[in-house]
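Heads up: the structure comes next, in structure tokens.
Counting convention: from 1, in listed order, for ligands and their atoms alike. Model, not experiment: these values are computed from the prediction.
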Amino acid sequence: MTRYDAVVIGGGMAGLPLALKLGFKGRSVALIERDQLGGTCLNRGCIPTKTLIASARVAHLAREAAQWGIHAGPVRVSLPEVMRRKDDLVTSVRQGAEANVDRNSNVTLIRGEARFTGPHALDVNGESIEAPQVFINTGTRPAMPGIAGLEDVPFLDSTSALQLTELPGHLLVVGGGYIGVEYAQMYRRFGSEVTLVQRGPHLLSDEDEDIARALEHALTQEGITILTGATATAITDVAGQLRLTVRVGGAERVLEGSHLLIAGGRRPNTDALNLTAAGINVDDQGFIPVNDRLETNVAGIWALGDVRGGPMFTHTARDDARVVYENVTKNAGLSIRDRVVPYAVFSDPQLGRVGLTEGEARRLGYRVKVGRYDGHKIARARAMGETAGFIKIVADADTDRLLGAAVLLAEGAEIIHELITAMHLAAKYTDLRDMLHIHPTLAEGLSSALGVHAEEGI
Ligand SMILES: Cc1cc2nc3c(=O)[nH]c(=O)nc-3n(C[C@H](O)[C@H](O)[C@H](O)COP(=O)(O)OP(=O)(O)OC[C@H]3O[C@@H](n4cnc5c(N)ncnc54)[C@H](O)[C@@H]3O)c2cc1C
């Protein structure tokens, strides 16, 4: 039995920084990782997808270059080279993470799968370890929908679709959340035919319909076929051609494609942990419920990142690590309760989103003011030739406090940070309206949405 001050299970976006910081603080830490350091984000999520999306954008711009008066010639996408560029970047970032762990003499990296044998005792590769503090950061993996015949056909998930070296002729994507949207546009820009099947009435189910429809329009303009209100029910492989049966509007349709990508949600990595030996509760989907200090029902055991359910992003996982670190080392009493959670969809136009949608705000009973400004009215967007999308800002009509915003625009994921800052500081929309925005920038559209010059503003 080896004893540590702390055990961190999973070297992902919360576990890795937490283990390093606890080690710097002088705590002895066992960091247990069954696969690669950096978890989903680095190895099969954020970083590889955004690297591939960057290549896809270059292909798109090269094809469309004549619009800017530039003649680039025929475009050829070399998927092996595109994938190599992505692999090189992922490897180099991962090597940086491994070096950080190596340099931290208080952190012992144990490669293997952790399994509880008691509340503060674990088994890894037959080795017994224990610690008074245990931090679970085991993340999630792709969930598979109930499509009849799925187990009998070759299909891709968000991980295997990052390894293709031959371009799909016709990619069928099931799932219109942010992962499905990003892959659909990326493969379309690489040169595939793409059909996107979404069960909900519009893409990005949690988003306001006007935002989702504007994104659908932009994707359709690029030649992506989108079926909404469509449920994939069955699939067969007929001599190498996939046939996907879809129920839409009460009727059945059969879609044909060369490849199928399932982009339909995530399930937690808790099944291998033997949580019952520790008495740790899970919900009906296997996520670990926590309080707003990320404590599980068992004293001295925390759950961080995706495995606790709730918002599942790298920035929320990293913030979990900050909250827990401050609490366990400084008794800081921090909580995740009131944090302002943003996210982005790295489509083109990008969607940067923070806070409540208009629909959520109304459902919660707020009297709302809504400011809106279209991309084609923003001088900088017109100069860039990238006018798709619009800005939408929602404020509380009684207090003028900002409630939420969506920036569906080129660089929307960057521009939204102005709104994130404002909401973090509990600002009023008038604070943003009355500050100077540089002309000509995309962010200038925010002041227009807030009513500086526009009839459409708040
Ligand atoms: C395709 C895709 C694109 C994404 N893009 C973005 C994005 O642009 N922005 C964003 O914010 N988020 C994005 N995400 C989400 C983001 O990747 C996750 O929210 C983030 O990685 C969660 O971090 P985590 O630390 O909770 O879990 P993970 O990063 O999944 O890490 C968990 C780690 O635990 C290890 N593990 C699991 N079980 C055990 C065990 N029993 N023993 C030992 N080790 C174990 C795993 O091997 C893994 O390394 C994306 C996700 C996907 C799939």
N/O to N/O below 3.5 Å, does that happen between [X] and ligand 1?
X: Asn137; result: yes
X: Ser158; result: no
X: Asp306; result: yes
X: Arg34; result: yes

What protein heavy atom sits nearest [atom], and how far off is it?
atom: atom 41 (N) of ligand 1; answer: Ala114 O, 3.3 Å
atom: atom 31 (O) of ligand 1; answer: Gly12 CA, 3.4 Å
atom: atom 9 (N) of ligand 1; answer: Cys46 SG, 3.8 Å
atom: atom 37 (C) of ligand 1; answer: Thr138 O, 3.2 Å
atom: atom 16 (C) of ligand 1; answer: Thr314 OG1, 3.6 Å
atom: atom 2 (C) of ligand 1; answer: Gly45 CA, 3.4 Å
atom: atom 23 (O) of ligand 1; answer: Met13 CB, 3.7 Å
atom: atom 53 (C) of ligand 1; answer: Arg266 NH1, 3.3 Å

Residue part near ligand 1, for [X], under 4.0 Å between non-hydrogen atoms:
X: Tyr183; result: side chain
X: Asn43; result: neither
X: Tyr178; result: side chain

Next on the checklist: Distance to the ring centre below 6.0 angstrom and angle to the axis at most 45 degrees; does that hold for Arg308 and Phe287?
Outcome noted: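 Ring-cation test returns no.
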
Next on the checklist: With a 4.0 Å cut-off on N to O distance, would you call Arg213 and Glu216 a salt bridge?
Outcome noted: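 Yes, charged N to carboxylate O under 4.0 Å.
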
Checklist entry - Can you list the atoms of ligand 1 that are under 4.0 Å from a heavy atom of Ala14? => result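 Under 4.0 Å from Ala14, ligand 1 has these atoms: 25 (O).
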
Item to check | Closest contact, heavy atoms only, Ser347 versus Leu215 | outcome: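 Residues Ser347 and Leu215, closest heavy atoms: OG-CD1, 3.6 Å.
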
Next on the checklist: Restricting to salt bridge (charged side-chain N to carboxylate O under 4.0 Å, His left out), what partner residues turn up for Asp237, sequence neighbours left out?
Outcome noted: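 For Asp237, no residue satisfies salt bridge (charged side-chain N to carboxylate O under 4.0 Å, His left out) once neighbours in sequence are set aside.
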
Item to check | Donor-acceptor pair, side chain of Asn106 and main chain of Lys25, under 3.5 angstrom | outcome: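 No, Asn106 side chain to Lys25 backbone: no donor-acceptor pair under 3.5 Å.
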
Next on the checklist: Can a side-chain donor-acceptor contact be found between His170 and Thr195 if the only test is distance below 3.5 angstrom?
Outcome noted: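 On atom types as modelled, these side chains qualify, holding a pair under 3.5 Å.
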
Checklist entry - Any heavy atom of Lys50 sitting closer than 4.0 Å to ligand 1? => result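 Judged by the 4.0 Å heavy-atom criterion, Lys50 does count as contacting ligand 1.
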
